[in-house]
Participant: 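Got a structure here, written out as structure tokens. Questions coming.
Because only heavy atoms are used, hydrogens play no part in the values below, and waters and symmetry mates are left out as well, while side chains stay in.
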Amino acid sequence: MAADPKFLALALKLATENVEKNGGGPFGAVLARDGKVIATGVNRVTATNDPTAHAEVVAIRCACEALGSFQLEGCELYTSCEPCPMCLGAIYWARPSAYYYANTQEDAAAAGFDDSFIYREFPLPPEERQIPGYYVKLPAAHVCFDAWRKSHTRKEY
């Protein structure tokens, strides 16, 4: 599958405009299907005080709303930069056909956006990470999963 350069150019334009007009981060994203833009997004982290409001996540949320679906099969994501770990996770959950990016994570690091420490954290046991995580064993912890398995109205994803 080949990238459509006009959508990458649009993602870069959105990223640049976000910096110049909104004082936001230099990240933009476009979701397209069948040669048409479905949704766009820019980095809104500081504008909304939402650390999850990365361009890709914003675009995914908008596209899902526009399409009335939590999955984006048949769509392609174009982004100004290689997705961070959070955005990559969101991309996998949304299931577009492909994603394309115009800058690498090394380019982002050179500009001051270094996500490499997060990648280094993944293989560590949760309790040894910079922000430690601790498993708490509770007798009733599986009740929510039991309810899911028994549900007749669940939507698989």
Side-chain angles (χ1 to χ4, degrees), residues 1-135 148 154-157:
M1 193 175 283
D4 188 327
K6 74 179 176 219
F7 295 130
L8 273 175
L10 178 56
L12 289 165
K13 179 181 180 215
L14 291 168
T16 303
E17 287 176 352
N18 195 46
V19 173
E20 295 174 348
K21 295 179 180 175
N22 305 323
F27 303 98
V30 175
L31 268 150
R33 183 163 68 183
D34 299 325
K36 296 181 180 138
V37 174
I38 303 297
T40 64
V42 294
N43 182 283
R44 306 264 310 134
V45 171
T46 58
T48 60
N49 293 318
D50 179 354
T52 69
H54 290 199
E56 297 91 336
V57 173
V58 170
I60 288 169
R61 288 174 180 162
C62 290
C64 287
E65 186 174 336
L67 296 173
S69 176
F70 59 89
Q71 295 185 343
L72 300 174
E73 293 168 351
C75 293
E76 296 174 330
L77 174 67
Y78 295 85
T79 183
S80 59
C81 190
E82 185 174 358
C84 75
M86 177 186 68
C87 292
L88 187 59
I91 290 165
Y92 271 80
W93 282 114
R95 295 180 177 90
S97 299
Y99 67 97
Y100 306 95
Y101 53 93
N103 288 287
T104 67
Q105 59 181 277
E106 292 81 15
D107 297 326
F113 297 91
D114 191 359
D115 299 328
S116 63
F117 80 96
I118 298 172
Y119 286 105
R120 289 192 303 272
E121 291 276 294
F122 284 146
L124 297 175
E127 64 277 2
E128 293 179 20
R129 295 176 182 159
Q130 287 182 20
I131 300 174
Y134 302 99
Y135 170 63
W148 169 258
R154 72 177 184 230
K155 286 187 177 181
E156 297 288 337
Y157 61 96

Participant: Ignoring hydrogens, what is the shortest heavy-atom contact between Ala3 and Leu8? Give both atom names and the distance.
Facilitator: CB-CD1, 4.4 Å
Participant: Please tell me if the side chains of Cys64 and Leu72 come closer than 4.5 Å, counting only heavy atoms from C-beta onward.
Facilitator: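 A side-chain contact under 4.5 Å exists here.
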Participant: Test of understanding: with side chain to side chain contact (heavy atoms under 4.5 Å, CB included), list the residues that count as partners of Ala55, not counting sequence neighbours.
Facilitator: Phe27, Ala29
Participant: Would you name the heavy atoms of Tyr78 and Ala11 that are closest together and state the gap between them?
Facilitator: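 Looks like O-CB, 3.8 Å.
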Participant: I need the Asn43 CG to Glu56 CD distance, nearest 0.5 Å.
Facilitator: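 One finds 8.5 Å between CG of Asn43 and CD of Glu56.
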Participant: Show the nearest heavy-atom pair for residues Cys75 and Pro96, with the distance to one decimal.
Facilitator: O-CB, 3.4 Å
Participant: For the atom pair CZ (Phe7) and CG (Leu31), what is the distance rounded to the nearest 0.5 Å?
Facilitator: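 Answer rounded to 0.5 Å: 10.5 Å.
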Participant: Of all heavy-atom pairs between Gly28 and Ala15, which one has the smallest distance, and what is that distance?
Facilitator: N-CB, 3.4 Å
Participant: Give the ring-plane orientation class for Tyr157 versus Phe70, where under 30° counts as parallel, over 60° as perpendicular and anything between as tilted.
Facilitator: perpendicular
Participant: Quick test of your reading: applying salt bridge (Lys or Arg N to Asp or Glu O under 4.0 Å), list the pairs with at least one residue in residues 5-31, sequence neighbours left out, ordered by first then second residue.
Facilitator: Asp4-Lys6, Lys13-Glu17
Participant: If you compare all heavy atoms of Lys155 against all heavy atoms of Trp148, which two are closest, and at what distance to 0.1 Å?
Facilitator: O-CH2, 3.3 Å
Participant: Heavy atoms, side chains only, cut-off 4.5 Å: are Pro26 and Phe113 in contact?
Facilitator: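 SC-SC contact between Pro26 and Phe113 confirmed.
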Participant: Can you name the nearest heavy-atom pair linking Met86 to Val57, along with the distance?
Facilitator: CE-CG2, 4.1 Å
Participant: Scan for salt bridge (Lys or Arg N to Asp or Glu O under 4.0 Å) pairs involving residues 30-53, sequence neighbours excluded, and state none if there are none.
Facilitator: Asp50-Arg61
Participant: For residues 93-112, which residue pairs pass the salt bridge (Lys or Arg N to Asp or Glu O under 4.0 Å) check, not counting sequence neighbours?
Facilitator: none
Participant: Less than 4.5 Å apart, side chain to side chain, heavy atoms only: is that true for Pro83 and Tyr101?
Facilitator: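 Answer yes - side chains close enough.
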Participant: Does any non-hydrogen side-chain atom of Val42 lie less than 4.5 Å from one of Val58?
Facilitator: no
Participant: Enumerate the residue pairs fulfilling side-chain hydrogen bond (donor to acceptor under 3.5 Å, both in side chains) with a member in residues 114-133, sequence neighbours excluded, ordered by first and then second residue.
Facilitator: Asp114-Ser116, Ser116-Arg120
Participant: Is there side-chain contact between Cys62 and Thr40, with heavy atoms separated by less than 4.5 Å?
Facilitator: no
Participant: Flag the pair Ile118 / Cys84 as yes when at least one side-chain heavy-atom distance between them is below 4.5 Å, and no otherwise.
Facilitator: no
Participant: I'd like to check the side chain to side chain contact (heavy atoms under 4.5 Å, CB included) partners of Leu12; sequence neighbours left out, ordered by chain and number.
Facilitator: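 Side chain to side chain contact (heavy atoms under 4.5 Å, CB included) check on Leu12 returns Ser80, Ala102, Asn103.
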Participant: I'd like to know whether Thr79 forms a side-chain contact (heavy atoms from CB on, under 4.5 Å) with Cys87, so could you lay out the CA-CA distance, the side-chain angles of the two residues, the decisive distance to 0.1 Å, and finally the verdict.
Facilitator: CA-CA 11 Å; Thr79 183; Cys87 292; over 6 Å; no
